[in-house]
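Working notes, structure below.
Every chain is numbered from 1 and lettered A, B, ... according to where its sequence line falls, protein lines coming before strand lines.
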There are 2 protein chains.
Amino acid sequence: MSRSGADLALLLLGGFRVLVDDAIMELAERGYEDFRPVHDFAMRAIAAGADNASELGRRLSVSKQAAAKTVAVLEERGYVARGTDPLDARRKRLQVTALGFEVMRVGEAVFDELRDKWKRKIGAKQLERLEADLAALVGAATVRIETPGWIAHSLDETT
Amino acid sequence: MSRSGADLALLLLGGFRVLVDDAIMELAERGYEDFRPVHDFAMRAIAAGADNASELGRRLSVSKQAAAKTVAVLEERGYVARGTDPLDARRKRLQVTALGFEVMRVGEAVFDELRDKWKRKIGAKQLERLEADLAALVGAATVRIETPGWIAHSLDETT
DNA sequence: CTCTTTAGACAACCAGGTTGACGATTCAAG
DNA sequence: CTTGAATCGTCAACCTGGTTGTCTAAAGAG
């Protein structure tokens, strides 16, 4: 049953989408409306020390303007707070709020539950094997989760 | 080594991106500049009988305007031709050109080569296993490859 | 012959990125 | 202390790839 390479790509994309769509839907049901992976990524980066928009942009490999937009929605939802920096009047210091940490925790739990569901379907051993194989295949390539024309551009146009 | 559910999602996305980015790069090197999965999809649909923009839109679950835009780039690159329909003066009959079929064939070959590379890395048996597992997990969910706010919206908002 | 449906085109808009410019502030160097 | 370069955040304009709404022309049903 030798599938084609294109089918393999579709399966991978399908797996990702099923997982993420389910997670977003579940999060919405639990009261966290329209929470997306990119939000989680940004909050993690902020919690990890990217406490201003420019730095956040650098960490996410995105322009500072794009980072600022993301921060704006996170602030609006109450997931991060923006204060002034006493040491540098240019900066707006970013901080993940309690609510922000909560939604991150719940998001993690939701993903873990989904993974458990998969584990029950194909078995723990095989799921770990699948993950190990994928890790080997993907290698060191860092996954940039947003990427607008994602399906379009290669990561570094060596053209 | 129990990974988290979020990591699993990232691995799947990473696998897809590595595959697709490599394929696009390889296609570009072979002279097919900026050829993307969505183009292949559209051409297949056209070849399969969606011979006008409105029908194409319906098949791809996309507005007829979006379909028309895709057709425009395919026509510009010489992959599809647009003629008049003798039976219906409203329609512009679409046809995949010889060049169009060529790029589809090459694209398929490129993907198959990439799959072979993976096969050499983790073994034929295990790759087939991986595909079978993914197929079981993804289930019947049809993968809509474009999807603009893909990472955002769920397929059918049962909210 | 008239009413409704359909194809395709045009325009306006949206999301989520991009680049460029700019004022305010910081910092390094003379 | 002053001055020039770098950096922060913001604003504005633009790009891509979708969307909806509107319109004309053609087709088809009654």
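For residues 68-81 of chain B, proximity to DNA chain C is found at no residue, defined as any non-hydrogen atom under 4.0 angstrom from a strand atom. The stretch residues 42-49 of chain A has no heavy atom under 4.0 angstrom from DNA chain C at all.
At the heavy-atom level, Q65(A) lies under 4.0 Å from base atoms of the strands shown. Among the protein residues, R93(A) comes within range of no part of the nucleic acid, since none of its heavy atoms lies under 4.0 Å from any strand. At the heavy-atom level, S63(B) lies under 4.0 Å from base atoms of the strands shown.
Remark: P of dT7(D) and CG of D51(A) are 16 Å apart, rounded to the nearest angstrom. What separates CD of E55(A) from P of dA6(D) is a distance of 19 Å, to the nearest Å. Straight-line distance from the CG atom of N52(A) to the C1' atom of dT25(C): 14 Å, rounded to whole Å. Between H39(A) atom NE2 and dG17(C) atom C1' the separation is 13 Å, expressed in whole Å. One can place NZ of K92(A) at 12 Å from P of dT25(C), the figure rounded to the nearest angstrom. The distance between atom CG of D85(B) and atom C1' of dT6(C), rounded to the nearest whole Å, is 13 Å. When rounded to the nearest whole Å, the span between NZ of K64(B) and C1' of dT19(D) equals 13 Å.
N52(B) places no side-chain N or O within 3.5 Å of a backbone atom of K92(B) that could act as its donor or acceptor partner. Under the 3.5 Å distance criterion, the side-chain polar atoms of T70(B) are matched with a main-chain donor or acceptor of A66(B). Without hydrogens or angle criteria, R77(B) side chain to D34(B) main chain gives a donor-acceptor distance under 3.5 Å. Checked by atom type and distance alone, the side chain of D85(B) never pairs as donor or acceptor with a backbone atom of R91(B) at under 3.5 Å.
For L74(B) against H39(B), the heavy-atom pair with the smallest separation is CD2-CB, 3.8 Å. P86(A) and R93(A) get closest at one heavy-atom pair: CD-NH1, 4.3 Å. Summarising the geometry of A53(A) relative to A67(A), their closest heavy-atom pair is O-CB, 3.5 Å, with the distance given to 0.1 Å. Across every non-hydrogen atom of T97(A) and G78(A), the tightest pair is OG1-O, 2.7 Å. Across all their heavy atoms, A9(B) and V20(A) have their closest contact at CB-CG2, 4.5 Å. Nearest heavy-atom pair, L56(A) versus A45(A), reported as atom, atom and distance to 0.1 Å: CD1-CB, 3.6 Å.
Taking 4.0 angstrom as the limit, R36(B) places none of its side-chain polar atoms (N or O) nearer than this to OP1 or OP2 of dT16(D). The side chain of S54(A) contributes an N or O atom lying less than 4.0 Å from OP1 or OP2 of dG9(D). Taking only side-chain nitrogens and oxygens, R82(B) comes nearer than 4.0 Å to OP1 or OP2 of dA9(C). Not one side-chain nitrogen or oxygen of R58(A) sits closer than 4.0 Å to the OP1 or OP2 atom of dT7(D).
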Filtered N/O pairs between nucleotides 24-28 of chain D and protein, under 3.5 Å:
residue	atom	partner	partner atom	Å
dA27(D)	OP1	A89(B)	N	2.9

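Between the side chains of Q95(A) and D51(A), no donor N or O sits under 3.5 Å from an acceptor N or O.
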Q | Residues L19(B), R115(B); criterion side chain to side chain contact (heavy atoms under 4.5 Å, CB included); working and verdict | A | CA-CA 8 Å; L19(B) 219 46; R115(B) 184 179 178 276; over 6 Å; no

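For the helix from dC1(C)-dG30(D) to dG30(C)-dC1(D), the axis fitted to the five pairs at one end and the axis fitted to the five pairs at the other end meet at an angle of 0° (nearest 10 degrees).
Legend: side chain to side chain donor-acceptor pair (under 3.5 Å) pairs involving residues 100-110 of chain A, not counting sequence neighbours, sorted by first then second residue: Y32(A)-E102(A). Residue pairs meeting the ring pair (Phe, Tyr, Trp, His ring centres under 6.0 Å) criterion with at least one partner in residues 75-119 of chain A, sequence neighbours excluded, are F35(A)-Y79(A).
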